[in-house]
There are 2 protein chains.
Amino acid sequence: MKNEGAPSQVGVKEIAKRANVSIGTVDRVLNNRTGVAVKTREKILKIIKDLDYQPNMMARRLASKRTWKLAVLIPAASGETGYWDAPLNGIRQAAAEVRDFGVIVNEFLFDQNDKSTFSARVNQIMKQEFHGILCAPMFEEETNKLVKKCGTKNIPFVFINSDMDHMQRLSYIGPDLYQSGYLGAHLVHYILREKQQVLIVNISKEMDLHHHLLKKEEGFRAYFDNNGVNAKILKTDIRQTDYRSVKNKLNRVLKEHEVQVIFVTNSRVSTVGKFLEETGKPDIKLLGYDFLPENIEYLKKSFIDFLICQKPQEQGHKGIMALYNYLVLGKQVDMVQHMPIDIITKENYRNYRN
Amino acid sequence: MKNEGAPSQVGVKEIAKRANVSIGTVDRVLNNRTGVAVKTREKILKIIKDLDYQPNMMARRLASKRTWKLAVLIPAASGETGYWDAPLNGIRQAAAEVRDFGVIVNEFLFDQNDKSTFSARVNQIMKQEFHGILCAPMFEEETNKLVKKCGTKNIPFVFINSDMDHMQRLSYIGPDLYQSGYLGAHLVHYILREKQQVLIVNISKEMDLHHHLLKKEEGFRAYFDNNGVNAKILKTDIRQTDYRSVKNKLNRVLKEHEVQVIFVTNSRVSTVGKFLEETGKPDIKLLGYDFLPENIEYLKKSFIDFLICQKPQEQGHKGIMALYNYLVLGKQVDMVQHMPIDIITKENYRNYRN
DNA sequence: CTGAAAGCGCTTACAG
DNA sequence: CTGAAAGCGCTTACAG
């Protein structure tokens with residue numbers, strides 16, 4: 001029976017004593033530096049294991065001036081959508097938490113409507129020496145280039161927000177898109193009455209982002225299929241994201257079809273909320289994504305019924321922590337970390353934490 | 001323009017130099033110990049402020065053997081309900097995180113069906129010297145005694161899970177009961193069809209816990225009132241928590257009334273789920289509280305539709321951190337910290353984190 | 001390949 | 001009321 005739970009009582013001193021060497025040598029094997037005789041190394045390794053030695057992180061940090069540089073490559077929040085403010089906040093918070101442990105975080109923000117800015121940032125990053133990279137892989141080809149360079153330099157990288165699982169990332173941290181669509185469909189199912197119809201709305205001009213939305217739609221439809229829901233699913237794609245375009249398109253669709261529930265596959269749901277408000281259709285139920293100020297507005301006014309949200313801020317936070325755990329603490333990191341799928345309503349948005 | 005964000009470059013040495021004293025004296029005013037001339041103290045204080053000095057916590061901890069003892073006073077998880085496992089887990093996790101900073105956490109668990117065990121634990125706690133107390137104030141009178149003793153000894157205490165806001169706690173961390181009932185009613189409202197009835201079920205033998213449930217019920221009814229929902233609300237109190245009693249009572253009620261939705265005001269909802277399963281009533285929708293294994297079972301089988309949950313584990317975690325922040329870091333702490341109100345369904349329980 | 005010394009930024013006795 | 005020294009558990013040069 002060991003004195004379990006208690007902080008490890010032994011330090012390098014004790015190890016050195018038992019191994020009959022100086023603490024300098026112990027330090028060498030602890031940080032597996034070169035220049036230790038194999039025999040000595042093994043002896044020390046055994047003692048470390050027997051003693052279940054845990055290094056004192058504070059002492060280590062105090063003594064060492066070693067530094068870990070991380071690069072962050074995510075879209076800049078734009079006037080169009082403030083979504084990326086949240087991950088950036090999480091990143092900065094995590095950066096503050098690990099700063100005292102020698103982690104330095106550099107931000108490289110790109111324009112998500114312009115691939116070339118992504119490439120440019122990649123080039124900037126590659127000019128410097130980073131120990132790890134946190135990336136939102138928005139563009140497949142360009143991301144591929146980054147990944148290859150990381151491969152040759154042996155730099156670990158973490159994806160957030162969306163995944164490319166064929167690339168050898170250290171970890172993916174983000175939403176489970178399919179499942180969130182599946183959940184959305186279940187909510188719609190509760191609302192839907194006999195013979196009523198639901199309308200799926202995709203609002204996006206970016207083809208690259210599109211598979212994001214399709215994954216959600218897929219999950220949505222799967223729910224209906226798997227549960228034998230025989231309500232009809234209508235669908236419309238809107239490629240212009242401005243209010244006028246959305247309004248025109250919806251007006252046309254709703255003239256032709258009787259629709260009682262609308263499911264918007266991304267954060268543009270507030271545009272539809274505005275439409276329902278202006279055209280006086282409070283009875284149409286509306287579901288969409290993301291905890292954005294404009295969405296919350298319409299949630300408050302009851303034009304949006306449910307928002308599905310996957311903690312974007314925490315995604316950023318966990319992204320940095322994954323690299324920290326891996327690089328600094330030498331811990332293993334989960335390959336996939338799906339975020340919780342949160343359901344936000346008028347009643348609980350005030351307590352929500354991104 | 002200061003070198004913002006960067007770790008403070010100055011330490012006690014620099015302060016000492018500028019004040020023309022030794023670092024010992026600087027240390028004395030830093031930790032406001034006695035034995036420093038007023039003039040000296042003021043001079044040093046000014047320099048500290050001018051330099052925006054931030055102490056290096058790691059060095060501080062490494063050098064100091066100072067220790068902070070916290071007492072935790074919560075119910076033991078019982079065979080009857082495992083609810084309190086979650087807060088305890090959170091407490092232990094937080095304890096592990098702050099252990100290196102000299103925080104020692106002692107657990108005092110009582111039987112929530114037996115006030116005398118609560119009193120006994122209070123006496124044990126008061127025999128020792130604790131710097132802070134984390135408490136689930138289940139019994140008003142007994143809690144009052146604890147609070148008084150803390151007052152005279154000037155020991156800060158934090159409440160979790162339920163509040164007594166007239167007592168001078170450092171913080172309350174827990175659910176917003178009223179609001180969660182209100183949210184439950186909104187969910188029910190989506191489900192409810194014309195002329196259907198909802199049944200509120202309180203299952204509890206403890207009178208002391210009862211006001212907990214009533215708060216939720218109050219919120220539930222308030223939603224119906226405020227939104228002019230004219231569905232009828234039935235209600236039944238069940239004072240025996242075993243399955244037979246619940247079954248008999250429900251059988252009686254459902255014989256007399258047509259009910260389409262049942263709202264259980266606490267974690268006993270699985271008992272009702274079992275009832276629905278055994279009596280073959282899958283069409284009755286069921287809502288209740290808490291992420292417990294037995295509840296998740298019935299959620300999976302679709303006999304429970306929604307679980308409302310308020311992160312019990314995080315409550316414990318935050319409770320310890322509140323005391324740590326206050327005592328060790330000297331930070332201010334929010335008087336009330338309401339937890340998010342999470343909605344759990346068959347689709348998102350897998351990703352849920354307590 | 002190994003050891004001894006200095007130092008990280010603090011706190012803790014001890015001496016005066 | 002104040003200072004000088006030792007030490008917390010490590011890492012970092014430097015010397016051999």
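Protein chains get the first letters and strands the later ones, always in sequence-line order, with residue 1 at the start of each. The figures here come from the full heavy-atom set of this structure, side chains too, leaving out hydrogens, waters and symmetry mates.
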- Task: Answer yes or no: does a side-chain N or O of Lys65(A) lie under 4.0 Å from OP1 or OP2 of dG7(C)?
- Result: no
- To the nearest Å, give me how far apart CG (Leu51(B)) and C1' (dG9(C)) are. 15 Å
- Comparing Arg66(A) and Ala59(A) on DNA chain D - which has the more 5′ nearest nucleotide: Ala59(A)
- Classify the side-chain pair His338(A)/Gln310(A) by whether it contains a donor and acceptor separated by less than 3.5 Å. no
- Task: Give the rounded distance in Å between these two atoms: CG of Leu30(A) and P of dC10(D).
- Result: 8 Å
- CD of Glu42(B) versus P of dC1(D): gap in Å, rounded? 13 Å
- State whether the distance check finds a donor on one side and an acceptor on the other, under 3.5 Å, for side chain Arg61(B) versus base dG9(D). no
- Query: Do other residues, nucleotides or ligands put more than 12 heavy atoms under 6.0 Å from the OH atom of Tyr326(A)?
  - Reply: no
- Query: Is any side-chain N or O of Ser64(A) closer than 4.0 Å to OP1 or OP2 of dT12(D)?
  - Reply: yes
- Item | Nucleotide dC10(C), atom P - distance to CG of Asp100(A) in whole Å | 11 Å
- Item | Taking every non-hydrogen atom, the tightest pair across Arg28(A) and Gly35(A) | CD-O, 4.1 Å
- Message: Both Ile23(A) and Arg41(A) contact DNA chain C. Taking the nearest nucleotide for each, which residue is further toward the 5' end?
- Response: Arg41(A)
- Task: Compare side-chain N and O positions of Thr25(B) against OP1 and OP2 of dG3(D) and report whether any pair is under 4.0 Å apart.
- Result: yes
- So which heavy atom on Ala71(B) is nearest to which on Phe130(B), and how close? N-CD2, 3.5 Å
- Note on the structure: The nucleotide from dG9(D), dT2(C), dA4(D) with an atom nearest the side chain of Val36(A) is dT2(C)
- Message: Checking contacts here: which listed nucleotide (dA13(D), dC10(D), dT12(D)) is nearest the side-chain heavy atoms of Arg28(A)?
- Response: dA13(D)
- dA15(D) pairs with which nucleotide, Watson-Crick or G-U wobble, both distances below 3.5 Å? dT2(C)
- Could you work out which one of dT2(C), dC8(C), dC10(C) sits closest to the side chain of Leu62(A)? dC8(C)
- Under 4.0 Å between a side-chain N/O of Tyr53(A) and OP1 or OP2 of dG9(D), yes or no? no
- Mind checking side chain to side chain donor-acceptor pair (under 3.5 Å) for Arg92(A) and listing every partner two or more places apart, or none if nothing turns up? Glu107(A)
- What nucleotide, of dA4(D), dC10(C), dT2(C), holds the atom closest to the side chain of Thr40(A)? dT2(C)
- Item | OP1 or OP2 of dC8(D) under 4.0 Å from side-chain N/O of Lys13(A) | yes
- Look at Arg33(A) and dT12(D) and indicate whether a side-chain polar atom (N or O) is within less than 4.0 Å of OP1 or OP2. yes
- Note on the structure: Ranking dG9(C), dT12(D), dG3(C) by distance to the side chain of Ala63(B), first place goes to dG9(C)
- To the nearest angstrom, the CZ-C1' distance between Arg60(B) and dG7(D) comes to 17 Å
- Message: Among dG3(C), dT2(D), dG9(D), which nucleotide has an atom closest to any side-chain atom of Asn56(A)?
- Response: dG9(D)
- In whole angstroms, the gap separating P of dC1(C) from CG of Asn32(A) amounts to 15 Å
- Message: Rounding to an integer number of Å, can you tell me how far Asn31(A) CG sits from dT12(D) P?
- Response: 7 Å
- Can you tell me the distance, in whole Å, between the NZ atom of Lys17(B) and the P atom of dT2(D)? 20 Å
- Donor-acceptor pair between Gln124(A) and Gln128(A) side chains, under 3.5 angstrom: no
